[in-house]
Structure formats: structure tokens, C-alpha cells
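Report on the structure given below.
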Amino acid sequence: MDKLLDVKNLEVNFKTYGGTINAVRGMSFDLDIGECLAIVGESGCGKSVTAKAIMGLIPCPPGEISGGSILFDGTDLLKLDRKSMMKIRGAKIGMIFQDPMTYLNPTMTVGKQIEEVLKKHTNYTKKQMTERIIEILNFVGIANPKRRMRQYPFELSGGMRQRVMIAIATVCTPKLLIADEPTTALDVTIQAQILELIKSLQKSMDTSVMLITHDLGVVANMADRVMVVYAGKIVESGVVDDVFYKPQHPYTWGLLSSIPTLELKNKEKLPSIEGTPPDLFSPPTGCAFAARCAFAMKICKEIYPETVDLGEGHHCACWLLHEKAKNVRQSFNL
Ligand code: SF4
């Protein structure tokens, strides 16, 4: 497959009165055409900051992209000026946010908000724009689009507002769709419908999808590959089956064991990962998960582990995979 996105050594910081937060610390990953890559991790791990860096939406200051490159369709997005980036955002890269009410304009009708995008990125006539708005609203499953396009966001249900946001993000048929926790604010049945919609858009438009989520159920249902992020770094990545069935990183083990299963008895507590992520004002030099890891060794706190290639695109950064840690693995029966 051909690469659509190639991110190398991305570093994003935020300067605050309390010091500099190292939100993304040297992330490298890529995304193929038509592929769905999920990024999972706890709140504050750098998932959304990475997405915003790709979209050119990091507010500078206080934000700063201090290193790396983001090659999109052969162009380094970090080298583009504001005007050129605006041409790409909304046309070639679309983004769906978690809470449509925050991102939709409450004072404009649904139709006008979609029209704004078409005006910016196409030379359509008024008639062509109206036709396209009706077509995309139909496509995202909004019945009676002629009436809906004249309505305001507050007149729509949560699920319908999310569909409108998807319509705005996809009306120009983007090559990349970034979905940041697209179903968190919705109830379960609507969640499933929205995920199905994203899947069908991905197929019909041959769009690549970068899905940011903390829900591993969503990952299993949607993604081809998954990237587990902790404290601004990728700790494990690979095709979904490898990461789910042959996980190698203790943080991934923790995430997977906290998924509810049918075996869970009444009132039985779901396992959780004890402790909290490290302070990113001064991230640890060694493995950032060491303070919460039951298998941490002396070296874990001193030196960051190298990323090990486990084959078939499966990678993991953990000292347990070092050949000299064989006895440790045996002692824990790993
Ligand atoms: Fe645990 Fe060490 Fe692996 Fe980090 S490197 S996850 S502390 S065993």
C-alpha cells in the first residue's frame, strides 16, 4: 500500500507559567491510503495533540512544534504557511470532533455551515452547492435533507449533530479523516451507527481514517492497525490482531484487562491500572510507565527502552523484550 501520511519524530510542547509541557515526545508513524489507524491511550497522553498538529491547529503560542516532520501526500505540512495549510484543512484533511455542540456554529443553519466549506474549497455555483449539501446530508443518513439544511444545530438530536459534523468534514471528499473520540458523547446505539457511517465513508471515498479513542471495543470494530500511546510516546503498535492477541507491553496488558468481559461476576471490580500518568512538565528519562508497572526493573527508570521490531509491523518499547531480561520474563511466567 502507498503511504498517505508519514509522521517522523514529532515533538509538541506547550509553554505555560509553570514550565514546558512535553505533550508529544518523538512520535513516528505512518498511514496507508484507505487504512484505518487507531490511536489509544489515557486522557492527556498526546493523542489529540498529535491530531491537532497534523491539522495545523496547535495554538502557537503557547504551543510549539519543536521537532519532526509531517509528510502528507508528499508535502511536509510543518513547512506550509497559514494560507496553504488552510487550503488543505477541510478539503484534503477533515476532522470530526468529540462534541459537535462545541464545534458547530449555533447561529448558522446546517446548510450554511456546509456551504462555508464548499465556498472555501470549490468553485461551485449556488445551485451546485445546494445539490452537494443535499447529497452529503443524504449520504450521512440525514432524512429529509432539504428541510434539515434549513435547521439550526439546537434543533437536531446529538446523533444527528454528529452526522452533520461528519458531513462538514467529508463534503470535499478528504483523503484523510481524523476522528477524535467521535462517539464518546453519544449513547450506545447511536455510537454503533456513527461508527458504521465512518466505516462506509472510508470505503466509498477510499479515505484513510485516523481514529483517536480510549475505547478498545471501537478499535476492534474499526481499525486495521493500532498504536498505543503513553505519556507522549508510542509504546506498542501493530495490526489489531497482534496487539490484541499477542500484546507485549505491560501498559497494553493493563488496557486490555480493563475491558469488561462476560465472565465478570456481579459486583466484581473491573481491573484497573493503578496510579496516574507522569507529570509531562518533567517527563522521566526512563520508561514513563515504570512507576505503575509491576515488572519495572532498575534500568527501566534510568534509560528509555529501544523499540523492538517483533515482525509483521508489530513494534514495542519495553525492557522486558531485551534478550538479557529472559530470566525476568521467566520469573514472572511471561
Ligand atoms: Fe515496565 Fe520496564 Fe517495560 Fe516500562 S520498560 S513497561 S517499566 S518493564
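The basis for the numbers below is simple: all heavy atoms, side chains too, and nothing from hydrogens, waters or symmetry mates. Counting starts at 1 for both ligands and their atoms, in listed order.
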Using a cut-off of strictly less than 2.8 Å, determine whether C293 has an N/O/S atom near atom 2 (Fe) of ligand 1.
no
Does K92 count as lying over the ring of F72, i.e. NZ or CZ under 6.0 Å from the six-ring centre, within 45 degrees of the axis?
no
Can you tell me how far the CD1 atom of I198 sits from the OG1 atom of T183, to the nearest 0.5 Å?
7.5 Å
For ligand 1, which atoms have a heavy atom of C287 less than 4.0 angstrom away?
4 (Fe), 5 (S), 6 (S), 7 (S)
Under 4.0 Å from a heavy atom of H249: give me the atoms of ligand 1 that qualify, with their elements.
6 (S)
Nearest 0.5 Å, please: how far is CG in D206 from OG1 in T173?
11.5 Å
Counting each atom of ligand 1 from 1 as listed, which ones have a heavy atom of A290 under 4.0 Å away?
7 (S)
Looking only at protein heavy atoms, which one is nearest to atom 3 (Fe) of ligand 1, and what is the separation?
C318 SG, 2.3 Å
Test your reading of the model: is there a side-chain donor-acceptor pair from E236 to the backbone of P247, 3.5 Å cut-off?
no
Which protein heavy atom lies closest to atom 5 (S) of ligand 1, and at what distance to 0.1 Å?
W319 N, 3.3 Å
Electrostatic pair K3-D30, nearest N-O below 4.0 angstrom
yes
Show the atoms of ligand 1 that are less than 4.0 angstrom away from any heavy atom in C300.
2 (Fe), 5 (S), 7 (S), 8 (S)
